[in-house]
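Scroll down for the structure; my scribbles are underneath it.
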There are 2 protein chains.
Amino acid sequence: MLAKSVFTAIVPRLVFRVTKDVEEVRRRFISVAGHTTQSLGMGRSVGQIFAHVYFSREPQSLDDITEALGVSKGGASMCVRQLAQWGAVRQVWVKGDRKDYYEACDDFGRIVRRALLDAIGSRMERTDNLLAEAENLLGNAANGGKGKDPDMVFVRKRIRNLRKFRDRAQWIWEHSVLRLLRK
Amino acid sequence: MLAKSVFTAIVPRLVFRVTKDVEEVRRRFISVAGHTTQSLGMGRSVGQIFAHVYFSREPQSLDDITEALGVSKGGASMCVRQLAQWGAVRQVWVKGDRKDYYEACDDFGRIVRRALLDAIGSRMERTDNLLAEAENLLGNAANGGKGKDPDMVFVRKRIRNLRKFRDRAQWIWEHSVLRLLRK
DNA sequence: CGTTACGTTCAAAATATATTGAACGCAATG
DNA sequence: CATTGCGTTCAATATATTTTGAACGTAACG
């Protein structure tokens, strides 16, 4: 405590100012990251925690996180696991300490790719299943002569268009987005 | 009423079966669309309403929608406006009727493009502002010699990486995703 | 003009989602 | 082997978001 007082008394003002700026930048990023993940429907904590770890030079323990952000330990635990699953954060061992420490990974390409896969992949598949089910139930283009019910004709056409777009979307997804994010 | 009874009594079973199947497919799509938009954080009604209109041969009024889906008129009004803004739905006039009618637009490329622009565009910009603010506050690479505070050096490096990824993401966004969705 | 049939708005209610924190299990430590 | 310090779980709670529906403005109609 004494040492710190002496320190703040003698260091040049510049260093002090600089430290304040760094803190300010950290706070701003944590805030924006939190709002961003919240508006994406993933909760505020995930973004805040990632930003905090990302801008921390030292690996952070759950306790560090709860203290820095004021979130509960349980929540921190869950968010950190989520982040680790996306490869946004990795666990590092600090010798002589039983706690788990985490540091941020800086490969956003991979992080975003995994997060998107997590968010989009299953939805794509479900849509595909639904389309297949519908095509199966209503018959595909081949036996188009059977059902002359105008409603049926109309719905079939819509389903064909939907299928066409879905296939194109998948192409863009696989050959463009995922590939480009891969460094 | 009598007419309908006679009708159902004499038509071949096949037509009956087919109608049932079409209804079933409609229901399934409405359900999945609802869950999808909900899980995307846009509310269930938006998806349901679009699916309903998309699979309706006749233009649909707000009353048609509220009756078909059991949503409130106010909600239907707001959702329809949202959908119209994305170009997912367009207003059509039916002569001799004061109601507004809507029909679905089938150009998913344009729809998704607009929706994504709406969802991503502003976020991109805000991230850009934040980065610019930080770069301005902490100084950019040019005066890297000034602040030797290790914390400052570290944060600067992280911000540089962030900037690098952001620029790449924007490139992918503009030159790949938006372009490819444009037919 | 008064009346009716619309679409829209927005505060309140309902719902969905995220967060908390006490209880738990486990493994390291003395 | 008791104790302590961890991370995890999950029911309860807090929060954010969506949905409702009554009140309102407006334009068409008789």
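Each chain gets a letter, A, B and so on, in the order its sequence line appears, and its residues count up from 1. Note that this is a predicted model, so its numbers are computed, not measured.
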**Message:** By nearest atom, which of the nucleotides D/dT9, D/dA16, C/dA16 is closest to the B/Gln38 side chain?
**Reply:** C/dA16
**Prompt:** A/Lys99 has an atom NZ; how far is it from atom P of D/dT4, in whole Å?
**Reply:** 17 Å
**Asked** Please give, in whole Å, the distance from D/dT8 C1' to A/Tyr102 OH?
**Response** 11 Å
**Prompt:** Atom CG of A/Leu69 and atom P of C/dT20: how far apart are they, to the nearest Å?
**Reply:** 10 Å
**Request:** Please list, chain by chain and in numerical order, all residues satisfying side-chain contact (heavy atoms from CB on, under 4.5 Å) with B/Arg123, sequence neighbours excluded.
**Result:** A/Thr36, A/Ser39, A/Leu40, B/Ala119
**Prompt:** Among all residues two or more places apart in sequence or in another chain, which pass the salt bridge (charged side-chain N to carboxylate O under 4.0 Å, His left out) test with B/Lys73?
**Reply:** B/Asp63
Under 3.5 Å donor-acceptor pairs involving side-chain atoms of residues 45-54 of chain B, not counting sequence neighbours:
{"residue": "B/His52", "atom": "NE2", "partner": "B/Gln60", "partner atom": "OE1", "Å": "2.7"}
{"residue": "B/Tyr54", "atom": "OH", "partner": "A/Arg158", "partner atom": "O", "Å": "3.0"}
{"residue": "B/Tyr54", "atom": "OH", "partner": "B/Asp106", "partner atom": "OD1", "Å": "2.7"}

**Prompt:** Which whole-number value in Å describes the distance from B/Asp64 CG to C/dA5 P?
**Reply:** 17 Å
**Residues within residues 39-55 of chain B bordering DNA chain D, heavy-atom distance below 4.0 Å** = B/Gly41, B/Met42, B/Gly43, B/Arg44, B/Ser45
**Prompt:** Which whole-number value in Å describes the distance from A/Met78 CE to D/dA11 P?
**Reply:** 13 Å
**Asked** Between D/dT8 and A/Ser77, is there an OP1 or OP2 to side-chain N/O distance shorter than 4.0 Å?
**Response** yes
**Message:** With a 4.5 Å cut-off on side-chain heavy atoms, are A/Tyr101 and A/Lys99 touching?
**Reply:** yes
**Asked** B/Asp97 CG to C/dA5 C1': how many Å, rounded?
**Response** 10 Å
**Request:** Determine: side-chain N/O of A/Arg81 to OP1/OP2 of D/dT9, distance under 4.0 Å, yes or no.
**Result:** yes
**Message:** Tell me which pairs pass ring-ring contact (aromatic ring centres under 6.0 Å, His included) where either residue lies in residues 161-183 of chain B, with sequence neighbours left out.
**Reply:** A/Phe108-B/Phe165, B/Trp171-B/His175
**Prompt:** Within this structure, what is the NE2-to-P distance between B/His35 and C/dT15, rounded to whole angstrom?
**Reply:** 15 Å
**Message:** Just verifying a value: how many Å separate A/Ser56 OG and A/Asp64 CG, rounded to the nearest 0.5 Å?
**Reply:** 8.0 Å
**Message:** Using 0.5 Å steps for rounding, measure from the CZ atom of B/Phe29 to the CD atom of A/Glu133.
**Reply:** 8.0 Å
**Message:** Between A/Arg166 and A/Gln170, is there a side-chain donor-acceptor contact under 3.5 Å, judged purely by atom types and distance?
**Reply:** yes
**Item:** Side-chain touch B/Glu24/B/Arg28, heavy atoms, less than 4.5 angstrom
**Value:** yes
**Sugar-phosphate only, base, or nothing, as touched by A/Gly70 at under 4.0 Å among non-hydrogen atoms** = sugar-phosphate
**Request:** Please report, rounded to the nearest Å, how far the C1' atom of C/dG21 is from the NZ atom of A/Lys73.
**Result:** 12 Å
**Complete:** Nucleotide by nucleotide, nucleotides 22-30 of chain C touches protein heavy atoms under 4.0 Å in the pattern (B base, S sugar-phosphate only, - none) -----BS--
